[in-house]
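Numbers here are sequence positions counted from 1.
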Amino acid sequence: MPFDPKQTIKDAKLFQDGESEFNLDFRDDANLNQDWEGMSLDFGAVAAKKWGRDARGGGFTNDAELGHVSECALRSVIQGFYLKKPRKTHWSDGSYITLTDRGSHPGAKSIEYSTAGGRYHTNDDGITADNQSPETSVTVAEDLTEQRFVKVATKVEVTWQEIQEANMRGFDAMERKGELLRQEHAFNLNNLIRRGNATHGLTGIVNHPGIRRRVATTDWGGSLPADIYDEYIAAISQIYGAATEEDIPQHSVLPRIQHNYFATEQFSTATDTKLKAFIESAYADEQVPHKIIPDNGMSQAGRLGDPAALFYSNDPALVVCTMPYYMRLMAPYDEDRYVISMEIISRFAGVQVFDTDTVLVVDGGTANWEQPANANY
């Protein structure tokens, strides 16, 4: 059953060479080069030791056969986990933010980083007499933030009966189990990166302390496009037109309902151009063009669980998420006499925003932005 379970992780290596669309900037070999073959052998050995005596009456002729089938079963789980990327998990797959393990040892319990800004007090544009020293004109305002790492784990169990069924029917079901495992783990990380977890004191990008905020006054999923356009440009100007002279934000991230309205609503009767294209064309000549992108979870990203929009730049100098462990498969172990378990572990401390002036959230609750019924992202 040949396969390459490192295919997804290869994106991390490509990113280091600037060739990948995914921002996976991992350097720790344990995140990039896990011992898949050794893990499969370990699983087979645990299974043969655990179920070997019972196997002779259950379809296997010896412990070696049971071990081989168990190895194949685990390989299929790994294949499902690492070769099929979950849909709509743009934060946890590295599409919308840089995920990195740099600057954080796997044994660290917390991470410290600084949010800094300059203060300028130059007089007369810095012109100074030849025989005089200038006054101090530059100071640095710095806030040191400490974030505590927590373990984010998802478990998959393989039973004696499933090994029997895999031997009889092939291993497709085991691969599907791996796909579902990755999907669950990826969605958990996706939620954490977007909005953190208040119970555990973790902040995501939309509720990071100190970022810019504004309240929408128009419905971005139903108002006149010209009215939405004016408010949208005002949101960009709150970043771009600030005294700190920030760049145009690279992205706005909209809930899917509002994104669909932008993508399909004609800007005016005088043009066939849709609202989304009209806005993006206004910034097409920027060094980094502005793009409008969708995210399911933004439908609950506002302060009170209402829809919201996020303006930011996907630049590792501005925003990253540091994880010393990223989707690491741990060694199999006995759960009980019938079950062998494996855990996928990541370690997460929150999102690091190095320049809060470059991130803006627009809350849409007061403007009655439409929200999917029973949304849970």
Side-chain angles (χ1 to χ4, degrees), residues 11-12 15-16 20 22-28 30-32 89-118 140-152 185-186 188-213 239 242 244 246-247 249-253 288 293 295 297-298 301 303 308 310-328 345-361:
D11 287 326
F15 177 70
Q16 293 174 21
S20 176
F22 298 107
N23 301 326
L24 300 175
D25 191 16
F26 293 120
R27 308 297 171 89
D28 187 346
N31 279 325
L32 294 172
T89 54
H90 305 302
W91 297 106
S92 63
D93 70 10
S95 299
Y96 286 3
I97 192 172
T98 297
L99 308 180
T100 179
D101 55 21
R102 289 185 299 170
S104 179
H105 190 278
K109 293 184 178 181
S110 62
I111 182 175
E112 288 186 347
Y113 73 98
S114 60
T115 301
V140 176
E142 183 178 66
D143 292 325
L144 186 65
T145 301
E146 180 179 7
Q147 294 175 320
R148 178 178 56 86
F149 283 113
V150 298
K151 181 180 77 172
V152 181
H185 195 76
N188 288 339
L189 287 177
N190 210 57
N191 288 338
L192 288 169
I193 294 169
R194 184 195 303 109
R195 46 84 171 147
N197 184 296
T199 301
H200 294 275
L202 300 167
T203 57
I205 186 170
V206 301
N207 58 357
H208 194 282
I211 62 173
R212 299 176 184 269
R213 306 195 77 94
I239 296 175
T244 51
E246 310 297 341
D247 292 332
Q250 179 184 3
H251 294 302
S252 72
V253 189
V288 178
I293 54 180
D295 176 36
M298 292 303 296
R303 290 183 185 270
L310 172 71
F311 291 76
Y312 80 115
S313 292
N314 185 7
D315 182 341
L318 303 175
V319 179
V320 299
C321 180
T322 304
M323 289 190 287
Y325 287 10
Y326 175 70
M327 293 193 181
R328 188 176 298 185
I345 292 179
S346 299
R347 286 184 64 79
F348 175 81
V351 170
Q352 293 79 54
V353 178
F354 302 119
D355 189 344
T356 54
D357 288 334
T358 64
V359 180
L360 168 71
V361 171

Asker: Without placing hydrogens or testing angles, list every side-chain donor-acceptor pair under 3.5 Å for residues 200-207, not counting sequence neighbours.
Answerer:
from   : atom 1 : to     : atom 2 : distance (Å)
Asn207 : OD1    : Gly204 : N      : 2.8
Asn207 : ND2    : Arg195 : O      : 2.8

Asker: Dump the intermediate steps for side chain to side chain contact (heavy atoms under 4.5 Å, CB included) on Asp247 and Ser313, then the final yes or no.
Answerer: CA-CA 9 Å; Asp247 292 332; Ser313 292; 5.6 Å; no
Asker: Can you tell me if Thr356 and His208 form a side-chain donor-acceptor pair at under 3.5 Å?
Answerer: no
Asker: Quick one: CD1 on Ile293 to OH on Tyr96, what's the gap to the nearest 0.5 Å?
Answerer: 4.0 Å
Asker: Taking it one step at a time, do Tyr325 and Val152 satisfy side chain to side chain contact (heavy atoms under 4.5 Å, CB included)?
Answerer: CA-CA 10 Å; Tyr325 287 10; Val152 181; over 6 Å; no
Asker: Using atom types as modelled and distance alone, determine if a side-chain donor or acceptor of Glu146 lies under 3.5 Å from a backbone N or O of Ser110.
Answerer: no
Asker: Which distance, rounded to the nearest 0.5 Å, do you find between the OH of Tyr312 and the CG of Leu360?
Answerer: 13.5 Å
Asker: How far apart are the closest heavy atoms of Pro324 and Pro106, and which atoms are they?
Answerer: CB-CA, 3.8 Å
Asker: Please name all residues satisfying salt bridge (charged side-chain N to carboxylate O under 4.0 Å, His left out) with Arg303, sequence neighbours left out, ordered by chain then number.
Answerer: Asp363
Asker: Looking at Leu189, Asn31, Leu99, which hits side chain to side chain contact (heavy atoms under 4.5 Å, CB included) with Ser346?
Answerer: Leu189
Asker: Before giving the answer on side chain to side chain contact (heavy atoms under 4.5 Å, CB included), spell out for Ile211 and Val361 the whole-Å C-alpha distance, their side-chain angles and the decisive distance to 0.1 Å.
Answerer: CA-CA 8 Å; Ile211 62 173; Val361 171; 3.8 Å; yes
Asker: Check for a donor-acceptor pair, side chain of Ser252 on one end and backbone N or O of Phe311 on the other, with a separation under 3.5 Å.
Answerer: no
Asker: Sequence neighbours excluded, which residues qualify as side-chain contact (heavy atoms from CB on, under 4.5 Å) partners of Glu246?
Answerer: Ile239, Thr244, Asp355, Asp357, Thr358
Asker: Checking Phe348 now: which residues fulfil ring pair (Phe, Tyr, Trp, His ring centres under 6.0 Å) with it, not counting sequence neighbours?
Answerer: none
Asker: How many angstroms lie between atom OG1 of Thr98 and atom CG of Asp315, to the nearest 0.5 angstrom?
Answerer: 7.5 Å
Asker: Within this structure, what is the OG-NE2 distance for the pair Ser92 and His185, rounded to the nearest 0.5 Å?
Answerer: 8.5 Å
Asker: At what distance, to the nearest 0.5 angstrom, does SG of Cys321 lie from CD1 of Ile97?
Answerer: 5.5 Å
Asker: Working to the nearest 0.5 Å, report the span between CH2 of Trp91 and CD1 of Ile193.
Answerer: 8.5 Å
Asker: Where do Arg347 and Met323 come nearest, in terms of heavy atoms and distance?
Answerer: O-CG, 3.0 Å
Asker: According to salt bridge (charged side-chain N to carboxylate O under 4.0 Å, His left out), who are the partners of Asp28, at least two apart in sequence or on a separate chain?
Answerer: Arg328
Asker: Per the salt bridge (charged side-chain N to carboxylate O under 4.0 Å, His left out) rule, what does the pair list look like for residues 96-106, sequence neighbours excluded?
Answerer: Asp25-Arg102
Asker: If you look at every heavy atom in Phe354 and Pro316, which pair is closest and at what distance?
Answerer: CE1-O, 3.7 Å
